[in-house]
Amino acid sequence: MVLPEYVVVFCTAPAGEAEAIAKALVDARLAACVNVTGVQSCYRWEGTVKSEPERLLIIKTQQSLLDPLIARVKGLHSYDLPEIVAIPIVGGYAPYLDWIREETA
């Protein structure tokens, strides 16, 4: 199986942590760009349905950096089970994809 070269990673975090996680990933060249936006999350945790405001991180990176990126997020994140989901980028504007590679080299 051939893995995609680029992925978008979604991660939710509390407002106070999201910006720090984003900056750490870009500083470490594990991500070329991280968008941080507000969301309202509804989920079941420990048998209870919860609804909480969170920040959604939309992280652009190379597939080859996914494991160290996950490790870094887990090290910075306060949740016991942080959402970290990668989705392949199957196409896009070639100069932007080149920029992702350059910024995460």
Side-chain angles (χ1 to χ4, degrees):
M1 179 171 115
V2 176
L3 295 175
E5 186 174 355
Y6 305 103
V7 294
V8 173
V9 180
F10 295 102
C11 176
T12 53
E17 289 178 17
E19 292 79 8
I21 292 170
K23 186 172 182 338
L25 294 176
V26 172
D27 281 348
R29 294 193 171 269
L30 293 172
C33 175
V34 181
N35 305 108
V36 181
T37 187
V39 295
Q40 185 71 24
S41 296
C42 181
Y43 56 94
R44 183 180 310 276
W45 183 249
E46 298 178 339
T48 303
V49 175
K50 302 193 179 246
S51 182
E52 303 284 342
E54 294 183 297
R55 296 290 187 267
L56 173 64
L57 289 81
I58 305 169
I59 306 161
K60 279 72 71 174
T61 191
Q62 295 188 60
Q63 166 68 36
S64 61
L65 297 173
L66 187 56
D67 288 341
L69 183 145
I70 290 171
R72 184 76 170 132
V73 170
K74 285 174 45 183
L76 296 168
H77 211 294
S78 64
Y79 291 175
D80 293 336
L81 183 65
E83 172 189 1
I84 308 170
V85 178
I87 306 215
I89 297 175
V90 297
Y93 182 50
Y96 182 79
L97 299 176
D98 292 342
W99 177 79
I100 292 174
R101 183 178 52 252
E102 292 165 8
E103 292 303 313
T104 56

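None of the values given here were measured: they were computed from a predicted structure.
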K.L.:
Any chain of hydrophobic side-chain contacts (each under 4.5 Å) joining V26 to I89?
P.N.:
no
K.L.:
Ignoring hydrogens, what is the shortest heavy-atom contact between E102 and R29? Give both atom names and the distance.
P.N.:
O-NH1, 3.7 Å
K.L.:
Salt bridge between K60 and E103, side-chain N to carboxylate O under 4.0 Å?
P.N.:
no
K.L.:
Measure across V7 and P88 and return the closest heavy-atom pair with its distance rounded to 0.1 Å.
P.N.:
CG1-CA, 4.1 Å
K.L.:
Would you compute the distance between atom CZ of R72 and atom CG of D27 and round it to the nearest 0.5 angstrom?
P.N.:
8.5 Å
K.L.:
Of the non-hydrogen atoms in I21 and H77, which two are nearest, and what is the gap between them?
P.N.:
CD1-CD2, 3.8 Å
K.L.:
Nearest 0.5 Å please: distance from the CG atom of D80 over to the NZ atom of K74.
P.N.:
12.0 Å
K.L.:
Which heavy atom of C33 sits nearest to which heavy atom of Y96, and what is that distance?
P.N.:
CB-OH, 4.1 Å
K.L.:
What is the minimum heavy-atom distance between R55 and A15, and which atoms define it?
P.N.:
CG-CA, 3.6 Å
K.L.:
Atom CG in L56, atom SG in C11: separation rounded to 0.5 Å?
P.N.:
8.5 Å
K.L.:
Report whether F10 and V36 are members of the same hydrophobic cluster (ILVMFWY, side-chain heavy atoms less than 4.5 Å apart, transitive linking).
P.N.:
no
K.L.:
Report whether I59 and L97 are members of the same hydrophobic cluster (ILVMFWY, side-chain heavy atoms less than 4.5 Å apart, transitive linking).
P.N.:
no
K.L.:
Measure across L57 and A13 and return the closest heavy-atom pair with its distance rounded to 0.1 Å.
P.N.:
CD1-CB, 4.1 Å
K.L.:
Does one hydrophobic cluster hold both I100 and L30, with members joined at side-chain heavy-atom distances below 4.5 Å?
P.N.:
no
K.L.:
Can you get from Y93 to V8 by hopping between Ile, Leu, Val, Met, Phe, Trp and Tyr side chains that sit under 4.5 Å apart?
P.N.:
yes
K.L.:
Find the distance between CG (L25) and CG (L69) and round it off to the nearest 0.5 Å.
P.N.:
5.0 Å
K.L.:
Hydrogens and angles aside, do Y43 and E54 bring a side-chain donor and acceptor to less than 3.5 Å of each other?
P.N.:
no
K.L.:
Taking atom OH of Y79 and atom CD1 of I84, what is their separation to the nearest 0.5 Å?
P.N.:
12.0 Å
